[in-house]
Amino acid sequence: MIDWSRAQELRREIGEEGFAEVVELFLDEVETKIGRLAAASGPAVMAEDMHFLKGSAWNLGFVDFGALCHDGERRAAMGGFGRSDLERIMKCYTASKAAFLGDLAEKATPSAA
């Protein structure tokens with residue numbers, strides 16, 4: 001669900017303070033984009049939002065969430081993104097966020113293995 005080596009790498013690259021800011025910004029932006037998707041945006045906006053979410057997710061190590069967003073981007077571009085896709089993405093995000101925040105201190109430190 002979470003690629004902790006990616007989170008550790010990012011933390012090393014940008015430092016502790018920068019990492020905390022990235023995490024806060026990521027969570028805020030993801031929840032904003034998901035809210036926008038839930039408001040029944042058109043296929044082009046959905047594809048654009050899925051692309052953004054995918055990149056943000058993979059940058060922080062949210063591999064399962066990023067993979068669902070990747071698939072959602074493809075499906076939205078083809079006009080096949082539906083309510084069930086959004087529900088699956090939202091459930092995965094919620095679970096990923098809980099796992100990430102629950103283990104952040106222990107597993108995302110650069111010295112963690």
Side-chain angles (χ1 to χ4, degrees):
M1 182 167 279
I2 304 295
D3 177 357
W4 288 108
S5 63
R6 176 60 197 131
Q8 292 166 2
E9 179 183 355
L10 182 62
R11 191 177 233 164
R12 277 191 302 272
E13 289 173 1
I14 63 176
E16 196 69 37
E17 187 175 313
F19 184 76
E21 290 174 15
V22 165
V23 169
E24 183 178 338
L25 183 62
F26 168 77
L27 296 174
D28 182 55
E29 288 183 344
V30 166
E31 290 169 18
T32 298
K33 294 282 186 194
I34 287 176
R36 186 165 112 169
L37 288 169
S41 304
V45 172
M46 286 183 179
E48 182 181 309
D49 286 349
M50 287 288 104
H51 179 79
F52 172 83
L53 291 171
K54 169 188 72 177
S56 297
W58 284 345
N59 187 49
L60 198 54
F62 282 58
V63 291
D64 292 352
F65 177 62
L68 285 178
C69 292
H70 177 72
D71 185 56
E73 177 186 9
R74 182 187 57 77
R75 293 173 59 80
M78 296 173 20
F81 187 88
R83 175 67 53 198
S84 63
D85 297 305
L86 182 57
E87 289 172 4
R88 195 169 40 149
I89 287 169
M90 290 170 36
K91 282 183 182 179
C92 183
Y93 170 69
T94 300
S96 297
K97 177 182 172 183
F100 184 82
L101 294 176
D103 291 338
L104 182 62
E106 178 185 338
K107 293 186 177 180
T109 56
S111 60

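Treat the numbers as computed from the prediction; the structure is a model and nothing was measured. Position 1 is the first residue of the sequence; numbering continues from there. Just the heavy atoms: all of them, side chains too, but no hydrogens, waters or symmetry mates, feed the values below.
Follow the hydrophobic side-chain contacts under 4.5 Å out from Val63 and you never reach Leu104; the two are in separate clusters. The hydrophobic clustering, which links ILVMFWY residues whose side-chain heavy atoms are closer than 4.5 Å, places Trp58 and Tyr93 apart.
A 4.5 Å side-chain heavy-atom check between Met50 and Leu37 finds at least one atom pair inside the cut-off. In this structure the side chain of Leu60 reaches within 4.5 angstrom of the side chain of Phe19, judged on heavy atoms.
Shown here are the side chain to side chain contact (heavy atoms under 4.5 Å, CB included) partners of Glu13, two or more places apart in sequence or in another chain: Arg6, Glu9, Leu10. Not a single side chain to side chain donor-acceptor pair (under 3.5 Å) links Glu48 to another residue, sequence neighbours left out. For Glu31, the salt bridge (charged side-chain N to carboxylate O under 4.0 Å, His left out) test picks out Lys97, with sequence neighbours left out. Partners of Ser5 according to the side chain to side chain donor-acceptor pair (under 3.5 Å) rule, which considers only residues two or more places apart in sequence or in another chain, are Asp3. Residues forming a side chain to side chain contact (heavy atoms under 4.5 Å, CB included) with Ala99 (at least two apart in sequence, or on another chain): Met1, Ile2. Take Ser56 and apply the side chain to side chain contact (heavy atoms under 4.5 Å, CB included) test, not counting sequence neighbours, and it matches Phe26, Phe52.
Pairs of residues two or more places apart, or lying in two chains, that qualify as side-chain hydrogen bond (donor to acceptor under 3.5 Å, both in side chains) and include a residue from residues 60-71 are Asp71-Arg74.
Residue Met46 comes nearest to Ala76 through the heavy atom pair CB-CB, 3.8 Å, listed as atom of the first residue, atom of the second, then distance. Across all their heavy atoms, Ala47 and Ala77 have their closest contact at CB-N, 4.0 Å.
In this structure, CG in Leu53 is found 11.0 Å from CG in Leu68, a value given to the nearest 0.5 Å. To the nearest 0.5 Å, the span separating OG1 on Thr94 from CD1 on Ile89 amounts to 12.0 Å. For the atom pair CE of Met90 and CZ of Phe65, the computed distance is 10.5 Å after rounding to the nearest 0.5 Å. To the nearest 0.5 Å, atoms CG (Asp28) and CD (Glu24) are separated by 7.5 Å.
Using bins of under 30°, 30° to 60° and over 60° for the plane-to-plane angle, the ring pair Phe62/Phe100 lands in the tilted bin.
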